[in-house]
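This is the structure, below, for whatever I ask next.
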Amino acid sequence: MRKIGRNKLSGHIVETEAYPPGDQAGHAYSGRTARNQSLFLAAGFAYVYFIYGTSYMLNVSAEAPGVGAGVLLRAIEPIDGIEIMKRLRGTAKVTDLARGPGRLAAALQIDLRLDGVDLCADGPLWLGTAVRDPARILMSPRVGITREVDRPLRFFEAASPFVSRPYPISPPVKNTS
DNA sequence: CGGCTGATGATCT
DNA sequence: GATCATCAGCCGG
């Protein structure tokens with residue numbers, strides 16, 4: 001859920017990735033820094049960072065204070081404020097509005113000002129109470145990382161057109177030619 | 001549609 | 001100076 005002035009944006013979360021304590025692929029792995037300090041807050045705070053010179057990523061801190069872990073939000077199915085999301089994203093295709101973590105952040109106008117926000121309190125950004133049907137949630141390896149690449153820590157809704165990739169990533173195939 | 005590639009800047013070594 | 005939890009645009013089928 002996102003509030004921008006008088007406008008409300010919302011969507012169902014349909015894809016996430018876990019970055020648990022001790023995970024070498026997680027930003028908290030090398031200890032607390034200026035950038036990643038929000039991961040070390042209590043569970044339920046926003047960790048926002050900027051990457052590739054182009055994209056913001058939105059995470060939710062996920063462990064007790066001082067531990068360092070989070071969940072990356074990778075896709076939502078837009079519900080409220082779809083016209084505003086289209087303007088923020090520069091596309092009219094609803095399935096492309098928030099399919100992927102950078103697109104999700106852009107569709108919700110998320111930047112570093114929202115880093116550290118309490119997602120369980122009234123404010124500009126928070127988590128609603130909708131629950132996805134567990135029977136429809138599939139797992140796969142995570143996308144776009146170079147360490148701990150095989151851990152099945154990506155969770156996504158089966159057959160959803162709003163998910164960044166609809167099925168598990170195939171393992172790399174060697175070129176034998 | 002899938003595959004490839006350049007863009008672009010913060011962060012850390 | 002390398003890396004990076006990505007994306008848009010372009011190309012071929």
Side-chain angles (χ1 to χ4, degrees), chain A residues 11 13-41 43-63 67-78 84-117 119 125 127 137-157 159-177:
Chain A
I13 297 168
V14 294
E15 179 181 353
T16 65
E17 283 175 357
Y19 291 87
D23 174 21
Q24 292 186 50
H27 285 190
Y29 182 69
S30 300
R32 189 173 181 153
T33 67
R35 175 174 75 154
N36 69 14
Q37 56 183 332
S38 295
L39 284 176
F40 293 83
L41 298 173
F45 286 78
Y47 166 48
V48 180
Y49 66 91
F50 184 63
I51 193 164
Y52 294 122
T54 57
S55 306
Y56 293 97
M57 304 278 122
L58 172 63
N59 301 252
V60 183
S61 63
E63 292 288 342
V67 174
V71 171
L72 171 69
L73 303 188
R74 287 193 55 90
I76 66 171
E77 175 178 343
I84 295 169
M85 293 186 198
K86 287 179 180 176
R87 182 164 48 77
L88 289 167
R89 284 273 299 114
T91 180
K93 192 175 175 188
V94 177
T95 50
D96 281 347
L97 290 179
R99 203 192 68 211
R103 293 164 177 163
L104 183 156
L108 297 179
Q109 200 175 60
I110 283 164
D111 60 29
L112 296 183
R113 290 173 303 202
L114 293 173
D115 183 43
V117 162
L119 299 177
L125 182 68
L127 290 165
I137 299 174
L138 304 182
M139 300 166 56
S140 81
R142 295 170 291 185
V143 177
I145 56 174
T146 59
R147 316 176 71 166
E148 308 234 25
V149 296
D150 294 326
R151 298 184 73 183
L153 292 175
R154 171 176 174 252
F155 304 86
F156 60 101
E157 184 164 279
S160 170
F162 300 98
V163 159
S164 67
R165 288 167 164 76
Y167 39 77
I169 309 153
S170 315
V173 179
K174 286 202 170 157
N175 185 345
T176 56
S177 63

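Here the structure is a predicted model, which means the values were calculated and not measured. Note on naming: letters A, B, ... go to the chains in the order of the sequence lines (proteins, then strands), and numbering restarts at 1 for each one.
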Worksheet entry | Protein-nucleotide distance (Phe155(A), atom CZ; dA5(C), atom C1'), rounded to Å | 15 Å
Worksheet item: Parallel, tilted or perpendicular: which fits the ring planes of His27(A) and Tyr47(A), with parallel below 30° and perpendicular above 60°?
Response: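 Geometry flag for Tyr47(A) against His27(A): perpendicular rings.
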Practice prompt. Figure out the CZ/P separation between Phe50(A) and dC7(C), and round it to whole Å.
Written response: 12 Å
Worksheet item: Do we get Arg99(A) above Phe162(A)'s six-membered ring, with its NZ or CZ under 6.0 Å from the centre and within 45° of the axis?
Response: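 The answer is no; the distance or angle limit is not met.
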Worksheet item: Phosphate oxygens OP1/OP2 of dC12(B): is one of them under 4.0 Å from a side-chain N or O of Thr33(A)?
Response: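 Yes, because at least one side-chain N or O of Thr33(A) sits under 4.0 Å from OP1 or OP2 of dC12(B).
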Worksheet item: Which part of the nucleic acid, if any, lies within contact of Ser30(A), taking any heavy atom under 4.0 Å across all strands shown: a base, the sugar-phosphate backbone alone, or nothing?
Response: nothing
Practice prompt. Quickly work out the Arg89(A) CZ to dC7(C) C1' distance and round it to whole Å.
Written response: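 So the two atoms are 8 Å apart, to the nearest Å.
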Discussion item. If I take atom CZ in residue Arg142(A) and atom P in nucleotide dT6(C), what distance separates them, rounded to the nearest angstrom?
Written reply: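 Answer to the nearest Å: 12 Å.
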Worksheet item: If you pin Leu112(A) and Thr54(A) to their nearest nucleotides in DNA chain B, which one's is more 5'?
Response: Thr54(A)
Discussion item. Nearest whole Å is fine: how far is dA8(C) C1' from Arg103(A) CZ?
Written reply: 8 Å
Item to complete: Please determine, for dA5(C), whether a Watson-Crick or G-U wobble partner exists with both distances under 3.5 Å, and give it or none.
Response: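 Pairing partner, where one exists within any strand: none, as none qualifies.
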Fill in: Gly31(A) backbone acceptor or donor facing Asn36(A) side chain under 3.5 Å
yes
Discussion item. Any donor-acceptor pair under 3.5 Å linking the side-chain atoms of Thr16(A) with those of Arg74(A)?
Written reply: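 On atom types as modelled, these side chains do not qualify, holding no pair under 3.5 Å.
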Worksheet item: Using a cut-off of 4.0 Å on non-hydrogen atoms, how would the nucleic acid contact of Ala34(A) be classed: base, sugar-phosphate, or nothing?
Response: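 Touches nothing.
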Item to complete: Provide, to the nearest angstrom, the distance between the CG atom belonging to Leu58(A) and the C1' atom belonging to dA5(C).
Response: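 It is 12 Å, rounded to the nearest whole Å.
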Item to complete: Using a strict cut-off of less than 4.0 Å between a Lys/Arg side-chain nitrogen and an Asp/Glu carboxylate oxygen, indicate whether Arg142(A) and Asp150(A) qualify as a salt bridge.
Response: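 Not counted as a salt bridge, because no side-chain N and carboxylate O are separated by less than 4.0 Å.
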Item to complete: Could you tell me the separation between the OH atom of Tyr49(A) and the C1' atom of dT3(C), rounded to a whole number of Å?
Response: 13 Å
Worksheet item: Separation of Ile51(A) atom CD1 from dA10(B) atom P, in whole Å?
Response: 13 Å
Practice prompt. For Arg147(A), report the nucleic acid contact type (base, sugar-phosphate, nothing); a contact means any heavy atom under 4.0 Å.
Written response: nothing
